Number of protein chains: 2
Amino acid sequence: MGGTKVSARARLAAVGLGRWGRIMASAYVNSEAVELVSCFSRDAERRGRFAADYGCGEDESLEALLAREDIDGVVVTVPNDQHAPVIEAAARAGKHVFVEKPVAVQVEHVKRIQRAVAESGIVFACGHSARRLAGVREMRRSLDSGELGTPSMVEAVFSNERGLELREGDWRGDPAQSPGGPLTQLGIHQIDNLNYLFGVPTRVVGVGRKGAPRVANTMVVGALLEYDDVVGFLGTDWLTPGAFTMDLYGTRARLRYELDFSWWSDSADTDAHARLIKVHIESDSDDPDARILSEQPVQLAARNHLREEVEEFGRALRGQAQVEVGLSSAVANVAVVLATARAIEQGRAVDIAELQSELSI
Amino acid sequence: MGGTKVSARARLAAVGLGRWGRIMASAYVNSEAVELVSCFSRDAERRGRFAADYGCGEDESLEALLAREDIDGVVVTVPNDQHAPVIEAAARAGKHVFVEKPVAVQVEHVKRIQRAVAESGIVFACGHSARRLAGVREMRRSLDSGELGTPSMVEAVFSNERGLELREGDWRGDPAQSPGGPLTQLGIHQIDNLNYLFGVPTRVVGVGRKGAPRVANTMVVGALLEYDDVVGFLGTDWLTPGAFTMDLYGTRARLRYELDFSWWSDSADTDAHARLIKVHIESDSDDPDARILSEQPVQLAARNHLREEVEEFGRALRGQAQVEVGLSSAVANVAVVLATARAIEQGRAVDIAELQSELSI
């Protein structure tokens with residue numbers, strides 16, 4: 001029984017041991033679904049510290065790590081522009097891949113990743129954790145149950161102050177590496193949430209603003225996302241205190257979701273620092289001035305958005321689960337990011353199909 | 001002294017005695033700045049009831065009312081498409097005009113009103129009351145004082161359920177009479193608020209959706225308003241429970257304003273049913289994951305948005321005040337409405353200057 005129990009846990013290795021790699025490891029290190037076996041970073045000091053802190057082994061090269069027989073999959077949190085080569089190497093070695101969002105932002109990289117995954121048949125998951133927030137799950141449930149009535153408008157905002165501290169030369173300040181600035185880093189989470197709630201939009205228009213004198217990249221993005229029946233607004237701003245909000249407007253009720261961004265990376269506590277408010281007409285009347293609105297908090301059962309996505313990945317590569325956000329969803333999200341960046345740059349409405357076509361292999 | 005006291009109050013007459021005319025009268029009838037002398041509606045029963053309810057006289061024709069020497073100005077709440085002829089008649093008679101928003105939505109009507117006002121030299125005020133809400137005044141103060149730092153993004157939403165009950169033939173369902181549907185009826189309030197906070201935008205793109213099977217008009221509008229440094233979102237939706245919100249994002253703090261729309265027309269109590277929340281980084285750190293956001297309510301001293309605007313009009317025609325929202329502001333707001341409607345219809349970005357040029361005399 002002991003042997004069975006050990007092998008039932010998917011055996012993972014962390015590749016990329018920076019800030020986000022550590023946050024992810026903190027979320028899944030004690031999971032019963034996955035086991036952190038090893039880690040790799042080119043930086044030996046960083047690697048040793050990670051191995052000590054999370055109680056795993058370490059490998060001195062990516063090749064050595066990928067050659068190990070006791071590793072089933074890798075959790076990749078290297079910078080975006082290294083996703084393609086790392087995923088290609090993992091796929092060649094038959095290792096399953098969990099990769100942080102965005103899957104990639106360069107068209108050729110997105111294609112390389114799709115080819116590598118298709119040819120190898122590995123399990124692939126992308127870290128769009130925000131849809132696993134309890135409030136986002138509840139919004140989806142409210143839509144599916146009909147409690148909101150017919151939805152007509154949605155606003156989604158994800159902003160923080162990180163643009164204010166960008167240094168010259170930071171890759172996030174480079175439009176090629178982070179198209180639309182916060183759009184690639186933050187807005188993509190809301191793009192995935194909107195895709196989760198309403199499907200892929202058909203078209204986008206956008207407006208961008210720079211704002212940091214020494215940084216070439218866009219710092220503020222507003223976009224209108226068109227769905228068949230719903231009008232969507234996406235706002236993402238790198239020049240303001242953290243904000244993660246969604247407003248969903250239906251004929252029967254509207255929902256307001258607010259997350260305290262301070263708790264974003266403490267995934268066991270994120271949901272405890274979020275609220276979902278439902279507003280509906282409590283007392284109706286033929287006289288519009290006599291109608292009374294009511295505002296009620298919706299109870300949310302706490303989840304763990306980062307742990308869940310890695311555990312699902314682990315179970316999927318044991319055949320015990322389906323990956324919710326696989327490669328096609330990840331590519332659809334990038335299509336919306338790139339369409340929005342293009343809409344801003346070219347000052348025109350851009351069909352998402354235009355980008356999906358360019359990204360397809 | 002008695003005689004002086006009476007003549008110090010501006011003597012007004014109500015023209016248009018429907019729902020909004022009554023709401024306005026309720027707001028100003030006991031004012032020390034204005035006196036409600038008479039009223040007019042073609043509907044004699046409605047007129048008699050108004051006169052009885054608000055303790056004023058009544059006139060059997062607009063001509064008779066405008067010929068009276070004991071009336072200084074008129075408060076006009078007739079349907080939008082009657083604004084131009086009523087204002088022209090008032091201006092010819094030398095009566096000052098307060099008119100409900102929008103000043104007019106047909107280009108030729110806007111021009112006629114501008115000519116009538118220019119030629120007569122009357123005092124003119126337009127009922128954009130929302131900027132007088134305590135929370136909106138406080139947002140402006142926070143911008144002016146620098147407490148928010150540099151603003152980069154703003155969202156403004158005004159929605160309600162009125163589109164769900166539109167009947168065939170209602171003028172609000174006609175795109176010519178209410179361009180953009182809720183855009184003309186609700187969104188224009190937020191357009192004025194945005195103009196108040198950031199000036200007139202340079203350009204707009206928009207997306208609209210219909211949604212009621214028997215109604216030709218747009219029911220949902222999303223628009224991006226471009227300012228020099230700020231990206232604005234305007235949302236206005238006629239298919240959802242009442243919502244009046246603004247989110248203002250600055251480098252040092254952000255503000256969230258929410259008004260309980262149930263209390264919109266009870267202007268003495270509107271501010272008591274609104275809240276303004278300020279979010280800033282309370283505890284800063286070099287480690288972004290250690291930063292703590294703080295959320296605090298901002299105290300608002302209650303005002304009375306509808307009473308104030310009529311009192312200011314009354315004082316202005318006694319030479320004791322300046323009208324804050326005069327004809328140029330009212331026309332600028334209509335320019336943004338019509339530019340947005342055109343942007344939606346033609347699927348392109350529209351310069352506000354294009355409309356301002358078309359509307360100028």
Side-chain angles (χ1 to χ4, degrees), chain A residues 19 23 149-150 152-153 155 157 159-162 164-165 203 205-209 211 219-226 229-233 235 237-243 245 247 249-254 256 258 260-262 264-266 279-281 288-289 291-293 295 347-349, chain B residues 19 23 149-150 152-153 155 157 159-162 164-165 203 205-209 211 219-226 229-233 235 237-243 245 247 249-254 256 258 260-262 264-266 279-281 288-289 291-293 295 347-349:
Chain A
R19 169 181 161 258
I23 286 171
T150 306
S152 51
M153 190 167 85
E155 295 169 83
V157 169
S159 298
N160 69 26
E161 72 286 355
R162 306 294 158 81
L164 294 167
E165 57 206 34
R203 218 158 67 132
V205 288
V207 170
R209 287 290 178 271
M219 290 285 152
V220 185
V221 169
L224 299 176
L225 301 172
E226 295 191 47
D229 299 314
V230 172
V231 172
F233 169 69
D237 183 337
W238 246 349
L239 305 174
T240 194
T245 63
D247 289 274
Y249 300 83
T251 45
R252 298 180 61 189
R254 59 186 169 86
R256 163 89 178 163
E258 297 178 350
D260 180 345
F261 177 69
S262 316
W264 172 252
S265 52
D266 300 299
V279 178
H280 72 288
I281 296 175
D289 296 303
R291 293 172 194 158
I292 303 293
L293 291 164
E295 179 181 283
R348 65 175 176 98
Chain B
R19 168 180 161 260
I23 286 170
T150 306
S152 51
M153 190 167 84
E155 296 169 82
V157 170
S159 299
N160 70 26
E161 72 287 355
R162 306 293 159 80
L164 294 166
E165 58 205 34
R203 219 157 67 132
V205 288
V207 171
R209 286 291 179 268
M219 290 285 153
V220 186
V221 169
L224 298 176
L225 302 172
E226 295 192 47
D229 299 314
V230 172
V231 173
F233 169 69
D237 182 338
W238 246 350
L239 306 173
T240 194
T245 63
D247 289 274
Y249 301 83
T251 45
R252 298 181 62 191
R254 59 186 168 87
R256 162 88 178 164
E258 298 178 349
D260 180 345
F261 177 69
S262 317
W264 173 253
S265 52
D266 299 300
V279 178
H280 72 287
I281 296 174
D289 296 303
R291 292 172 195 159
I292 303 293
L293 290 165
E295 178 182 282
R348 65 175 176 96

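Letters A, B, ... mirror the listed sequences (proteins, then strands); counts begin at 1. The structure displayed is predicted, hence computed values, not measured ones.
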Task: Residue E161(B) versus chain A: region with a heavy atom under 4.5 Å - done: side chain
Task: Donor-acceptor contact below 3.5 Å, side chain T251(A) vs main chain T240(B) - done: no
- [ ] For each of R252(A), E295(A), R348(A), tally heavy-atom pairs with chain B at distances under 4.5 Å, and name the one with the top tally.
- [x] E295(A)
Task: pair V157(A)-M153(B): side-chain heavy atoms closer than 4.5 Å - done: yes
Open item on the list: I'd like to know which of I292(A), D229(A), I23(A) tops the heavy-atom pair count under 4.5 Å against chain B.
Closed with: D229(A)
Open item on the list: So which atom in V205(B) and which in V205(A) form the shortest heavy-atom distance, rounded to 0.1 Å?
Closed with: CG2-CG2, 3.9 Å
Open item on the list: For the interface with chain B, which of E155(A), E165(A), R209(A), H280(A) has the highest count of heavy-atom pairs at distances below 4.5 Å?
Closed with: R209(A)
Task: Contacting moiety of A253(B), where chain A heavy atoms sit under 4.5 Å - done: backbone
Task: Among the listed options G242(A), G347(A), S159(A), the residue most often paired with chain B at heavy-atom distances under 4.5 Å - done: G242(A)
Task: R254(B) and E258(A) ion-paired at < 4.0 Å - done: no
Task: Top of W238(B), F261(B), F233(B), W264(B) for chain A proximity - count of heavy-atom pairs under 4.5 angstrom - done: F233(B)
Task: Interchain contact, R19(B) with chain A, by part (heavy-atom threshold 4.5 Å) - done: side chain
- [ ] Would you indicate whether the side-chain heavy atoms of T150(B) and L239(A) approach each other to under 4.5 Å?
- [x] no
Task: Residue part contacting chain A, namely of D289(B), when any heavy atom lies under 4.5 Å - done: both
Task: Which portion of L225(A) sits near chain B, non-hydrogen atoms under 4.5 angstrom - done: neither
Task: Results of salt bridge (charged side-chain N to carboxylate O under 4.0 Å, His left out) for R162(B) - residues two or more places apart only - done: none
- [ ] Counting only heavy atoms closer than 4.5 Å, note whether V221(A) contacts chain B via side chain, backbone, both or neither.
- [x] backbone
Open item on the list: Testing the basics here: between V231(A) and V220(B), what is the closest heavy-atom pair and its distance to 0.1 Å?
Closed with: CG2-CG1, 4.0 Å
TODO: Please lay out, stage by stage, how S152(B) and M219(A) fare under the test side-chain contact (heavy atoms from CB on, under 4.5 Å).
DONE: CA-CA 9 Å; S152(B) 51; M219(A) 290 285 152; over 6 Å; no
Task: Structural part of A243(A) lying under 4.5 Å from a heavy atom of chain B - done: both
Open item on the list: Atom CG of residue position D266(B) - does it have more than 12 heavy atoms of other residues, nucleotides or ligands inside 6.0 Å?
Closed with: yes
- [ ] Quick one: which of P288(A), A349(A), G222(A) has the most heavy-atom pairs under 4.5 Å with chain B, could you say?
- [x] P288(A)
Open item on the list: Counting only non-hydrogen atoms closer than 4.5 Å, does D247(B) touch chain A with its backbone (N, CA, C, O), its side chain (CB onward), both, or neither?
Closed with: side chain
Open item on the list: Show the nearest heavy-atom pair for residues G250(A) and P241(B), with the distance to one decimal.
Closed with: O-CD, 3.3 Å
